[in-house]
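In what follows, every chain begins at residue 1, and chains take the letters A, B, ... in the order their sequences are listed.
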Number of protein chains: 2
Amino acid sequence: MTSTGPARQASLRERNLATIARAVIDAPDPLSRADLAACTGMTRATVSTLVDQLVEAGLLTELPAVASGPGRPAVPLAPAARTVVGLGLEVNVDYLGGRVVDLTGAIVDEFVIAGTLRGSSATATLRRLGHLARDLIARVESRGMRIAGAHLALPGLVDTRTNLLRIAPNLGWSDVEPLPLLGLPAGLPATVGNEAKLAALAQLWGCPVTERASRTFLYVSGDVGIGAAIVIDGELFGGRRGWSGELGHITIDPAGPRCGCGATGCLERYAGKEVLVTDVGLGIDVADDVLVDRLSAADDAARAAVTTAGAALGQAMADAVNLLDIDTVLLGGVYTGLVPLLRPTITEQLRTRVLGAPWAPVDVAPAPVANHAALTGGAATSLRAVVADPMPWIAAAAG
Amino acid sequence: MTSTGPARQASLRERNLATIARAVIDAPDPLSRADLAACTGMTRATVSTLVDQLVEAGLLTELPAVASGPGRPAVPLAPAARTVVGLGLEVNVDYLGGRVVDLTGAIVDEFVIAGTLRGSSATATLRRLGHLARDLIARVESRGMRIAGAHLALPGLVDTRTNLLRIAPNLGWSDVEPLPLLGLPAGLPATVGNEAKLAALAQLWGCPVTERASRTFLYVSGDVGIGAAIVIDGELFGGRRGWSGELGHITIDPAGPRCGCGATGCLERYAGKEVLVTDVGLGIDVADDVLVDRLSAADDAARAAVTTAGAALGQAMADAVNLLDIDTVLLGGVYTGLVPLLRPTITEQLRTRVLGAPWAPVDVAPAPVANHAALTGGAATSLRAVVADPMPWIAAAAG
DNA sequence: GTAGTTTGTATATCCACTGAACTTATTCAC
DNA sequence: GTGAATAAGTTCAGTGGATATACAAACTAC
């Protein structure tokens, strides 16, 4: 009954525009039209017309030509700054934020308001975020930029098909429909996503091209809950409803302590922030860097607790790697700062428990993008949609 | 540096041919050219030329027109029988086989030779299989069929990029390069794959369209080892090297018994065939149906052991579902027959341990294709490649 | 200044899909 | 039977987009 859509002539244009846009934006150094022709296999003529359209639409810019060697100097192309931008929004346990990023990856404008939101009213908080977001949008639009889309990151189970938040245990929210409460301008495409998943996407696009994560990795974000995101060849693997990556509820020991989710022995009860803060006698709302400092300077008892956490984390990661055959694990959230403490136990677990480890060891590293990564990830996701389908923007620029 | 290839004019043809071929082959009832135009969105003119080429190439056939209602009767189109075929080969612990399947899904010819191959010589066994396969190929080609490709299924860790078998514990094989040993005709595209993964693909394509598995599921195959395959929207998720799905080495209890892989408490030690046969005092080489009968008729002690296995299986599946957000689990291998015994404990585990279960319960069912599924899966995989890119076959038919 | 080299643009051509008109084959009404 | 109505499939001029080739532009090197 159903099937993939037909390929019209226009599909060629769409695909080739996307290919060119992506090549320029993902390139470590500016490419010329000739470079693009060489690396995409298109003719120089084709590339020229495509580039002209992308420049016209404000997605790319021509840099001043620099002569080097014989022959006519090439015109280097680069993503356009401050023309088309993406908006990332986030409500998390200890802050509220919005960030606008442009195609160069630069942060154009942002706000981050610290303060615990545990147990806050979903309606009030989202209305407040909406107010701040509308201000941010107004500022950015008054500077002549066009906003491609908005993504709201929430620390919980989000149904990506319906944009409904099912439950966010650490906020105390459940069954919320966030987008109407934000009251974003009509016509601005907006979606809701899980915080860890958007943070993972920031690792792909949110930093200079040369420092980017490899295109396939498992991102593990430690907070009160433990979220994970599976990224395969640059694509987030969300699962049927976007509920993939619930690493925090992998079973470490079925006879273990009871978890808030109703099951027993979940990873969260061994390696969640709640356990870590208790080990050094701190409160749950302590800042990540304080917690990291205290754990790093702690005595043997607390060190043992970190080792337990690391072993549990390693076991859960080994399960994930055995299932998914992924060879890179990036640690985010609190874990980023704890990599020196955690890595030995984690890698030991991975070495012994991953079936393929003798042939291809698993790499464990801190996530390169750390500061409010989900904001960047959300903004970048909107921009990736533009890059993946620049046609509407060209039509808009022409008409 | 790299990027997706350019979209040439020919790409349109390629894509539209694939769309048409797939629509006809996956349709529950024969479609006419007009039906195809309606469901793909192409014009009738376009569909006509594409269909003509596919018929010419021997991928589709026109059935006799049946009049029903006013108007010119439609010409129903169906996959062509016995024109282009795929070859599946398999070496497993207790048999050796080859199967040829055509585009209608019918088995055209096959051989299955029972007998334990545990501890056999890889070289001798693969040479023997190669001999049998060449006979099969000769028979099929003498009947005028063209073989699109061959897939060899092996019960072990196969590197799908290099077609190397790293290790097959239950055969006692390691570091084998199987394809040269088979000595298949030069020019026949051949690859090696994991047995459970190819069996999973058979669930998608190896049975009448109406009985097919949903396009997203986790296939769990119980044998001496426990293999799994992740299928997302009709695509096998193989991971970086094709080593995904090692469910058998998910940790059930870190303090559990030592496993052959070197780790402790792996699922295999709770729910593998080795444990099950021991429970009812049988040998490891017993046929699956005998084992199922004995377990079904067993006393309380053995029943308790099956329950333990089911709980462990359920726990591992819950881990997988939490990670992947998949809502269907198909049980293959020995487990197919044990579904009545296993399901209660499995579903109980899934209900309590899967975070999303309250909103979307996980369905556990026996795999619809059971008999030597990996053979069918291997053959079908070759055919899917033809359907996904029919162009070369059209060129061959024309030239 | 001239030759050599590379980049980017212009023009004719080709290929595949579109749309509208046309042919073919059936049902139904009389 | 005959003819209108209906739906399937085909034909053919038209269009969009990529290609290939030739050419203009801008630089280095001698």
Salt bridge Arg139(A)-Glu110(A), side-chain N to carboxylate O under 4.0 Å:
no
Salt bridge flag under 4.0 Å for residues Arg240(B) and Asp325(A): no
Taken to the nearest whole Å, CD/Gln53(A) to P/dT9(C) is 13 Å
Rounded to whole Å, CD1 of Ile20(B) lies from P of dG9(D) at a distance of 12 Å
ask   = Does Glu62(A) pair with Arg33(A) as a salt bridge, N-O distance under 4.0 Å?
value = yes
Rounded to whole Å, the CG-C1' distance (Leu63(B) to dA8(D)) equals 16 Å
(Q) Taking atom types as they are modelled, would you say the side chain of Arg44(A) forms a donor-acceptor pair with the base of dG8(C) within the 3.5 Å cutoff? (A) yes
Q) When all nucleic acid strands are considered with a 4.0 Å heavy-atom cut-off, which category describes Thr49(A): base, sugar-phosphate, or nothing? A) nothing
Touch check for Ser68(B), heavy atoms < 4.0 angstrom, all strands: base, sugar-phosphate only, or nothing?
nothing
> Are any of the side-chain nitrogens in Arg212(B) or Asp26(B) under 4.0 Å away from the carboxylate oxygens of its partner?
Replying inline: yes
note: Asn16(A), atom CG; dC15(C), atom C1'; distance rounded to Å ~ 15 Å
Side-chain contact check for Thr46(B): nearest option of dT27(C), dC17(C), dG8(C) is dC17(C)
So what does Val75(B) hit on the nucleic acid, given a heavy-atom distance under 4.0 Å: a base, only sugar-phosphate, or nothing? sugar-phosphate
Of Met391(A) and Ala34(B), the one whose nearest nucleotide on DNA chain D sits closer to the 5' end is Ala34(B)
Rounded to whole Å, the CD-P distance (Glu14(B) to dC15(C)) equals 15 Å
Whole-Å distance, Arg13(B) CZ to dG17(D) C1', equals 15 Å
Closest of dG8(C), dA18(D), dC17(C) to the Leu12(A) side chain is dA18(D)
By nearest-heavy-atom nucleotide on DNA chain C, the more 5' of Arg33(A) and Gly71(A) is Gly71(A)
Whole-Å distance, Leu77(A) CG to dT7(C) P, equals 13 Å
Here the distance between atom P of dA25(C) and atom CD of Glu62(B), to the nearest Å, is 13 Å
Across all chains, not counting sequence neighbours, the side-chain hydrogen bond (donor to acceptor under 3.5 Å, both in side chains) partners of Thr328(A) are none
Pair of N/O donor and acceptor under 3.5 Å linking dT7(C) base with Arg72(A) side chain: yes
Regarding the side chain of Gln9(B), the nearest nucleotide among dG17(D), dA8(D), dC17(C) is dG17(D)
- Which is true for Ala45(B) with a 4.0 Å heavy-atom rule: it touches a base, it touches only sugar-phosphate, or it touches nothing? base
